[in-house]
Amino acid sequence: MTFAAGSVLGSSIVTAGFTISYLRPARGALLRARAGVDSKSRSQALARCDIFAVSEDGSETLCAAAQGTVSVITLRD
C-alpha cells in the first residue's frame, strides 16, 4: 500500500495508519496482493490492498483486506 501511495505522493512518505482484516486462512500455492489509491490530497493518501491466496489451478480466494493512510514527510534543515 505504501508503494501505491508513493506513486501519487512521491518518495518522502510515512505510513500514518494501517488496519488489516484477516478473512480466511491463506491456503494455496502463492499469495497475490493488489493495491491502489482510493483518495489523495497534497499531503496524504488513502490506499487499500486485497490479498489473495492463489491455488494450483490459478483460482484466487480473498484472504485479507487492508487499508492505510500515508502522509508526506516535510524534511527540515
Side-chain angles (χ1 to χ4, degrees):
M1 290 184 317
T2 304
F3 283 101
S7 72
V8 297
L9 293 177
S11 60
S12 295
I13 56 175
V14 64
T15 301
F18 177 79
T19 61
I20 188 165
S21 295
Y22 299 101
L23 306 172
R24 60 187 46 85
R27 295 190 180 108
L30 61 95
L31 293 177
R32 179 170 293 140
R34 291 192 188 102
V37 176
D38 285 348
S39 174
K40 81 168 197 83
S41 68
R42 290 185 330 149
S43 61
Q44 69 179 16
L46 174 70
R48 295 182 354 148
C49 181
D50 292 329
I51 298 95
F52 298 89
V54 183
S55 65
E56 294 287 339
D57 68 2
S59 63
E60 297 179 342
T61 302
L62 182 65
C63 59
Q67 178 174 298
T69 303
V70 176
S71 296
V72 173
I73 300 170
T74 303
L75 300 175
R76 298 177 192 192
D77 293 332

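When reading the values below, keep in mind they use all heavy atoms of this one structure, side chains included, and skip hydrogens, waters and symmetry mates.
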**Item:** Pairs where residues 7-30 contributes a residue and the test side-chain hydrogen bond (donor to acceptor under 3.5 Å, both in side chains) is met, not counting sequence neighbours
**Value:**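 Of all non-adjacent pairs touching residues 7-30, those that pass side-chain hydrogen bond (donor to acceptor under 3.5 Å, both in side chains) are Thr2-Thr15.
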Hey, could you give me the [atom1]/[atom2] distance between [X] and [Y], rounded to the nearest 0.5 Å?
X     : Y     : atom1 : atom2 : result
Leu9  : Gln44 : CG    : CD    : 8.5 Å
Asp50 : Met1  : CG    : CE    : 10.5 Å
Phe18 : Cys49 : CZ    : SG    : 8.0 Å

**Prompt:** What about Val37 and Val72, same hydrophobic cluster or not, with Ile/Leu/Val/Met/Phe/Trp/Tyr joined at side-chain heavy-atom distances under 4.5 Å?
**Reply:** yes
**Message:** Same cluster or not: Ile13 versus Val8, using hydrophobic residues (I, L, V, M, F, W, Y) connected whenever any side-chain heavy atoms lie under 4.5 Å apart?
**Reply:** yes
With a cut-off of 3.5 Å and sequence neighbours excluded, list every side-chain donor-acceptor pair involving residues 56-66.
unit_1: Asp57; atom_1: OD1; unit_2: Ser55; atom_2: OG; d: 2.4
unit_1: Asp57; atom_1: OD1; unit_2: Ser59; atom_2: N; d: 2.9
unit_1: Asp57; atom_1: OD1; unit_2: Ser59; atom_2: OG; d: 2.8
unit_1: Ser59; atom_1: OG; unit_2: Ser55; atom_2: OG; d: 2.7
unit_1: Glu60; atom_1: OE1; unit_2: Arg34; atom_2: NH1; d: 3.1
unit_1: Glu60; atom_1: OE1; unit_2: Arg34; atom_2: NH2; d: 3.1
unit_1: Glu60; atom_1: OE2; unit_2: Arg32; atom_2: NH1; d: 2.6
unit_1: Glu60; atom_1: OE2; unit_2: Arg34; atom_2: NH2; d: 2.8

**Request:** For Thr74, check side chain to side chain contact (heavy atoms under 4.5 Å, CB included) against everything at least two apart and list the hits.
**Result:**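 Not a single residue meets the side chain to side chain contact (heavy atoms under 4.5 Å, CB included) criterion with Thr74.
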